[in-house]
Visitor: 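Once you've had a glance at the structure underneath, I'll fire off some questions.
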Amino acid sequence: MKEGFLIGGGLIMAGLILELSVGPVDWDAFRWPVNGIVMTAFLSIIALIYLLRKRIHVFQFIGTHQAAIPALVYAVVLTIIMGLTRQKSLTPGHSPMGEGSSWFNYMLNFWPFILIYVYMAVILGLVVLRQLKSWAAAHFSLFTLHFSLLSHLGLFLAMTTATLGNADMQRLKMITVKGEPEWRALTSQQQIVEMPIAIELKEFIMETYDDGSPRRFASDIQILTKTGKNIQTTVEVNKPVEVDGWKIYQYGYDTQMGAMSQTSILELVSDPWLPLVYTGIYMMLAGAVCLFAFGGRRKSL
């Protein structure tokens with residue numbers, strides 16, 4: 001497995017060079033349709049590596065467990081580092097090395113971390129193609145299907161779509177005032193964004209404990225959309241409302257006014273790639289269930 005560890009180490013070194021030369025990865029640059037183009041190119045590269053695997057030794061090696069295990073070791077180590085360090089959101093023009101921060105505080109923007117996971121995704125993609133070929137050779141018979149195919153394909157789908165889809169995720173704050181429709185929201189950089197929906201606060205609701213601390217707070221709101229929807233609903237903590245691809249969460253209120261607050265702060269989240277991520281997760285679960293349910297029968301056949 002020396003070659004596998006050398007390749008992984010080479011990717012980390014290449015990542016450090018990129019980090020020092022061009023800076024951290026700017027995921028905003030991968031917004032649609034760029035991420036769609038990148039996804040198509042990535043799948044094409046995996047297919048090309050698979051087709052040329054018998055001609056080029058490196059391509060053949062990448063699809064083996066001698067490559068997969070070292071890549072997994074590197075990924076686990078970097079993931080543990082990420083879990084042990086406080087992660088921050090990288091704002092435009094901000095240096096990860098400033099204000100007492102380090103590269104490890106921005107692992108999702110750290111080139112070595114990303115390259116290792118891209119390498120893992122390539123290996124996983126080659127495994128999926130190999131298993132698809134085996135399944136096709138067995139004439140798509142259910143009981144000769146490698147059930148791990150579902151799990152591997154699901155993991156590949158979840159990894160790639162969660163990564164590239166992150167660029168299209170929006171998390172905004174909307175400050176609503178009672179009786180005044182609001183269609184503008186704020187980004188984390190305090191930039192104003194005009195929304196495809198308008199929200200009017202009808203009533204702010206707060207229930208308190210005996211000592212006056214809040215036990216529950218929620219907002220009765222009216223939602224108007226460009227598609228003609230007119231929705232009267234209540235939003236409260238951990239009980240969001242979903243409208244036209246946006247999830248609306250209760251976020252805050254005017255703490256000085258307390259239960260008499262005439263202002264409610266809502267969080268609006270859009271993640272258009274999330275259904276694909278969930279599809280990948282469900283495929284992994286289906287693969288595990290199929291292996292448990294039919295694995296013994298398959299061996300008997």
Side-chain angles (χ1 to χ4, degrees), residues 7-8 10-53 56 58-59 62-63 67-68 71-72 74-75 78-79 82 87-94 96 103 106-132 151-172 187-189 193 245 269-284:
I7 292 175
L11 288 173
I12 289 178
M13 291 301 299
L16 289 173
I17 293 172
L18 286 170
E19 192 77 22
L20 292 170
S21 58
V22 302
V25 177
D26 180 13
W27 286 111
D28 286 341
F30 289 85
R31 292 186 184 276
W32 182 264
V34 175
N35 47 14
I37 296 172
V38 170
M39 184 68 159
T40 302
F42 184 61
L43 294 176
S44 300
I45 290 171
I46 292 176
L48 184 63
I49 292 174
Y50 182 78
L51 292 174
L52 298 177
R53 70 193 186 283
I56 302 176
V58 174
F59 290 174
I62 290 176
L72 185 60
Y74 281 115
L78 290 171
T79 302
M82 181 175 69
Q87 297 301 299
K88 303 177 182 179
S89 297
L90 188 65
T91 56
H94 177 77
W103 287 328
Y106 301 91
M107 291 295 283
L108 294 179
N109 303 90
F110 189 41
W111 274 105
F113 181 83
I114 293 167
L115 289 182
I116 287 295
Y117 269 88
V118 168
Y119 181 45
M120 280 193 60
V122 170
I123 295 173
L124 191 57
L126 293 174
V127 171
V128 168
L129 289 177
R130 186 170 64 245
Q131 291 181 331
L132 281 172
S151 295
H152 286 137
L153 184 57
L155 179 58
F156 179 82
L157 182 63
M159 281 181 60
T160 53
T161 55
T163 301
L164 290 173
N166 183 62
D168 291 326
M169 181 178 179
Q170 297 185 70
R171 189 181 296 272
L172 309 171
T187 67
S188 58
Q189 290 81 41
V193 177
V269 179
S270 173
D271 192 352
W273 291 63
L274 192 59
L276 291 174
V277 178
Y278 281 147
T279 299
I281 294 172
Y282 294 146
M283 289 173 67
M284 286 190 285

Visitor: How long is the gap from CD1 on Ile62 to OH on Tyr119, to the nearest 0.5 Å?
Guide: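 These two atoms lie 5.5 Å from each other.
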Visitor: Rounded to the nearest 0.5 Å, what separates atom CG in Leu126 from atom CD in Gln131?
Guide: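 Interatomic distance, Leu126 CG to Gln131 CD, rounded to 0.5 Å: 11.5 Å.
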Visitor: Which value, rounded to the nearest 0.5 Å, describes the distance between Leu153 atom CG and Leu132 atom CG?
Guide: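 With rounding to 0.5 Å, CG (Leu153) is 6.5 Å from CG (Leu132).
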Visitor: Can a donor-acceptor pair be found, under 3.5 Å and without considering hydrogens, that links the side chain of Trp103 to the backbone of Asn109?
Guide: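 Checking the backbone N and O of Asn109 against the side chain of Trp103, no donor-acceptor pair under 3.5 Å is found.
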Visitor: With side chains defined as the heavy atoms from C-beta onward, is the minimum distance between Thr79 and Tyr117 less than 4.5 Å?
Guide: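 Yes, at least one pair of side-chain atoms sits under 4.5 Å.
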Visitor: Looking at Arg130 and Gly63, what are the two nearest heavy atoms and their distance?
Guide: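 Looks like NH1-O, 3.1 Å.
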Visitor: Using every non-hydrogen atom in the two residues, find where Pro272 and Pro275 come nearest and quote the distance to one decimal.
Guide: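 Heavy atoms of Pro272 and Pro275 come nearest at O-CD, 3.4 Å.
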Visitor: Going through the distances and angles, do Leu16 and Phe110 end up as a side chain to side chain contact (heavy atoms under 4.5 Å, CB included)?
Guide: CA-CA 8 Å; Leu16 289 173; Phe110 189 41; 3.8 Å; yes
Visitor: Check Leu157 against Met283 and note the closest heavy-atom contact, atom names and distance.
Guide: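 Smallest heavy-atom distance, with atoms named: CD2-SD, 4.2 Å.
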Visitor: Do Ile114 and Trp27 make a side-chain contact, defined as non-hydrogen atoms from C-beta onward lying under 4.5 Å apart?
Guide: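 SC-SC contact between Ile114 and Trp27 confirmed.
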Visitor: With side chain to side chain contact (heavy atoms under 4.5 Å, CB included) as the test, would you mind laying out the steps for Leu155 and Met159 before giving the verdict?
Guide: CA-CA 6 Å; Leu155 179 58; Met159 281 181 60; 4.0 Å; yes
Visitor: Distance check, rounded to the nearest 0.5 Å: Ile56 atom CD1 versus Ile49 atom CD1?
Guide: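 Ile56 CD1 to Ile49 CD1: 9.0 Å, rounded to 0.5 Å.
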Visitor: Which donor-acceptor pairs under 3.5 Å do the side chains of residues 38-46 make with protein atoms, sequence neighbours left out?
Guide:
| unit_1 | atom_1 | unit_2 | atom_2 | d |
| --- | --- | --- | --- | --- |
| Thr40 | OG1 | Gly36 | O | 3.0 |
| Ser44 | OG | Thr40 | O | 2.9 |

Visitor: Please state whether the rings of Tyr278 and Tyr282 are parallel, tilted or perpendicular, taking 30° and 60° as the class boundaries.
Guide: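 Plane angle under 30°, so parallel.
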Visitor: Quickly, which of Asp168, Thr160, Thr161 forms a side-chain hydrogen bond (donor to acceptor under 3.5 Å, both in side chains) with Trp273? Name it, please.
Guide: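 Testing each of Asp168, Thr160, Thr161 against Trp273, the sole residue satisfying side-chain hydrogen bond (donor to acceptor under 3.5 Å, both in side chains) is Asp168.
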Visitor: First locate atom CG of Asn166, then atom CZ of Phe30, and finally report the distance between them rounded to the nearest 0.5 Å.
Guide: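 Answer for the CG-CZ pair, Asn166 versus Phe30, is 11.0 Å.
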Visitor: Looking only at heavy atoms, which two atoms of Gly154 and Met284 are closest? And how far apart?
Guide: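 Smallest heavy-atom distance, with atoms named: C-CG, 3.8 Å.
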Visitor: What distance separates Trp111 CH2 from Glu19 CD, expressed to the nearest 0.5 Å?
Guide: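 Reported to 0.5 Å precision, the distance equals 8.5 Å.
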Visitor: Got a donor-acceptor contact below 3.5 angstrom from the Arg31 side chain to the Ala167 backbone?
Guide: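 At least one qualifying donor-acceptor pair exists.
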Visitor: Step by step, work out the side chain to side chain contact (heavy atoms under 4.5 Å, CB included) result for Met82 and Leu108.
Guide: CA-CA 9 Å; Met82 181 175 69; Leu108 294 179; 4.3 Å; yes
